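For reference, the structure discussed in these notes is given below.
Convention: sequence-line order gives letters A, B, ...; per-chain numbering from 1. Everything quoted here is computed from the prediction, not taken from an experiment.
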Amino acid sequence: MSAPLLEVRGIEKRYDSVVALRGASFTVHEREVVALVGDNGAGKSTLIKAIAGTIQPDAGEIWFDGRLCSIDSPRAARELGIEVVHQDLALAPDLDPASNLYLGRELARPGLLGRLGFLDTREMEAQSTYVFKDLGVKIQNLKTPVATLSGGQQQATAVARAVNWAGRLVLLDEPTAALGVEQTGNVLDLIRRVRDNGLSVVLISHNLPEVFEVSDRIEVLRMGQRVARFATKQCSLEDVVGAMTGALVHHDAS
Amino acid sequence: MTQASAPPQEPERIPAAAVGADRAPVWSSLQRRLLGGSNASILLILLAIVAVFAALDSSAFVTVTNVRNIAVDVSILLVMAVGATFVIITSGIDLSIGAVLVFSGVVAVRAMEAVGGDGTGVALAGLAAALASGIAWGVLNGLLVAKARLNPLIVTLGTLGMAFGLAQLITTGIDLSPPESVGEFGIGRIGGEVPYLVVIAAAVALLGGIVLAKTRFGRYTYAAGSNFEAARRAGIAVDQHLIKVYGIAGFLAGLGGFLALARFSSTTIAGHSNDNLQVIAGVVIGGTSLFGGVGTIVGTTIGILIPGVLQNGFVVVGTQPFWQEVAVGAVLIVAVYLDQMRRRRRYNPR
């Protein structure tokens with residue numbers, strides 16, 4: 001396999017007396033869906049935040065695209081082509097889906113009006129229609145506030161925004177935690193489509209059947225360290241649960 | 001809030017067989033317009049009020065003079081309400097505007113006295129002083145809300161007291177009068193018909209409405225009020241934006257201070273203690289949500305007109321004008337109730 005897209009090595013992070021990550025490593029290759037699993041408090045969210053630039057690790061290295069990077073702000077992560085969907089989605093509920101897709105990256109109208117700050121609402125709507133269609137996201141009315149959409153549609157809007165702006169890697173923190181069966185299925189389809197479009201996806205999930213359904217590989221965190229990695233097709237639920245709980249000890253943790 | 005025109009692309013049309021199925025969305029969009037869009041419904045309320053007064057006494061109520069009176073009465077409140085709409089959409093509040101108006105008027109008079117004499121140049125110096133005072137208070141409010149992270153209700157209650165107290169310190173509590181040119185401007189009319197005050201208020205509302213609906217500044221205002229954290233994470237400089245929004249509210253209160261000076265030829269120190277509540281009531285009646293993220297300048301304009309028309313109408317019809325306060329209070333509660341309903345509906349769609 002070629003050099004990984006993202007290679008995290010020996011990340012450490014402590015909050016006062018609590019050690020969240022103790023030398024955690026993590027790998028993502030091009031065009032793959034990696035599930036990051038682990039019990040509560042294993043350090044999954046902290047690891048994701050370090051990759052997203054929201055927190056600064058105390059030690060360790062992050063290699064992206066074969067280069068050593070310091071991701072010292074969300075902006076830095078964004079410039080590398082990394083986008084995150086947090087659990088709370090970070091949508092503006094009173095704005096419509098198109099406005100949310102372009103939140104903070106609004107298109108200005110051409111010419112003088114644009115320089116005066118006038119927005120090209122029509123172009124943003126047209127582009128959004130295209131993006132949603134491309135990702136198979138069904139939103140009937142692009143002019144309705146996001147708050148009136150179903151949970152699944154809101155999730156899809158947040159994922160679509162991340163995918164639209166991510167050049168390389170999308171990080172999804174529990175994207176299906178609040179969704180019903182059918183809506184979960186739609187989001188999983190969306191994840192596959194994103195990978196097929198050439199991006200890599202990191203999926204944090206507690207739902208192991210879902211992880212087995214959608215991921216190419218699984219990496220397991222336990223007590224702030226990577227304790228196992230599996231190719232999804234070559235492992236069983238018992239293997240993963242064993243690694244999560246510490247019942248099985250693997251030696252490729254690095 | 002949303003634009004009226006649909007984008008013309010999408011050549012695929014709904015097949016004829018599906019037209020029947022299309023009826024439900026149309027109906028729900030109509031419902032949304034009445035309940036959610038709210039501009040149409042409060043316009044209807046305003047028209048109904050006008051119709052009632054016109055029916056009761058059309059000879060006095062529906063006259064050019066009376067319409068002009070109403071327009072002048074609401075013009076200063078409207079100027080401040082445009083600023084308050086921006087503030088409330090960010091889910092903030094500004095209680096200080098009436099006091100800032102008084103302070104700005106007082107400073108303007110003192111500045112004009114310092115320049116000395118009378119005339120357009122002196123009046124402009126007064127205007128500049130009023131605007132600068134307004135911006136200063138607004139930016140102070142903004143800094144305390146955005147940077148010190150204090151509750152806007154408390155911050156602006158504090159600056160209300162400070163601005164009002166300082167205004168009285170400067171004047172020792174006795175009203176000041178501006179030079180005559182300012183008062184002449186206050187009663188002046190374009191073409192002998194349209195008062196300058198009304199023209200200025202209309203221009204402020206128009207400009208504010210365009211900025212809010214069409215520009216990046218407006219979009220960030222909605223975003224900051226709708227989900228502050230999301231806006232911040234999306235790379236919007238939310239703190240700076242809040243400071244600007246409160247600065248604009250202060251600027252418009254300063255402008256209101258100069259306009260009040262022009263209209264009454266006096267600093268009317270004691271006459272503005274209710275301005276903040278009247279403005280907030282008008283803004284909320286106009287459909288702006290106290291929870292933030294929702295509101296329009298069109299709505300605010302109608303919302304400010306409703307109390308103005310009621311006040312005027314009760315006087316013209318010969319009822320005790322105190323009924324106005326009763327009626328405005330009731331309309332305000334209905335407006336907040338509608339906002340609440342809207343929110344409840346959206347969290348349980350269908």
| Pair A:Glu210-A:Thr176, side-chain donor/acceptor within less than 3.5 Å | yes
Under 4.5 Å to a heavy atom of chain B? For A:Leu103 that would be both
- Thinking salt bridges, do B:Arg232 and B:Glu229 make one under a 4.0 Å N-O criterion? yes
Residue set satisfying side-chain hydrogen bond (donor to acceptor under 3.5 Å, both in side chains) with B:His241, at least two apart, ordered chain then number -> B:Thr221
Value for CG (A:Leu179) from CD (A:Glu174), rounded to nearest 0.5 Å, stands at 11.0 Å
When the 4.5 angstrom heavy-atom criterion is applied to A:Asp120 and chain B, the contacting part is neither
Of all heavy-atom pairs linking A:Ala20 and A:Thr46, the shortest is CB-OG1, 3.8 Å
If one checks every heavy atom of B:Tyr220 against chain A at 4.5 Å, the contacting part turns out to be side chain
Most contact-rich option vs chain A, by heavy-atom pairs under 4.5 angstrom, among B:Ser289, B:Gly225, B:Ala223, B:Ala234, is B:Ala234
Between the CE atom in A:Met124 and the OG1 atom in A:Thr129, the distance rounded to the nearest 0.5 Å is 12.0 Å
Highest number of heavy-atom pairs under 4.5 Å with chain A among B:Ile210, B:Val211, B:Asn227 belongs to B:Asn227
Distance col, row A:Gln154:CD vs A:Thr148:OG1, nearest 0.5 angstrom, shows 8.0 Å
Checking heavy-atom separations under 4.5 Å from chain B, one finds in residues 69-84 of chain A A:Arg75, A:Arg78
**Item:** Any B:Val82 side-chain heavy atom under 4.5 Å of B:Ile297 side chain
**Value:** yes
| Taking NZ, NE, NH1 and NH2 as the nitrogens, is one of them in A:Asp189 or A:Arg192 under 4.0 Å from a carboxylate oxygen of the other? | yes
Highest number of heavy-atom pairs under 4.5 Å with chain B among A:Leu142, A:Leu113, A:Leu95 belongs to A:Leu95
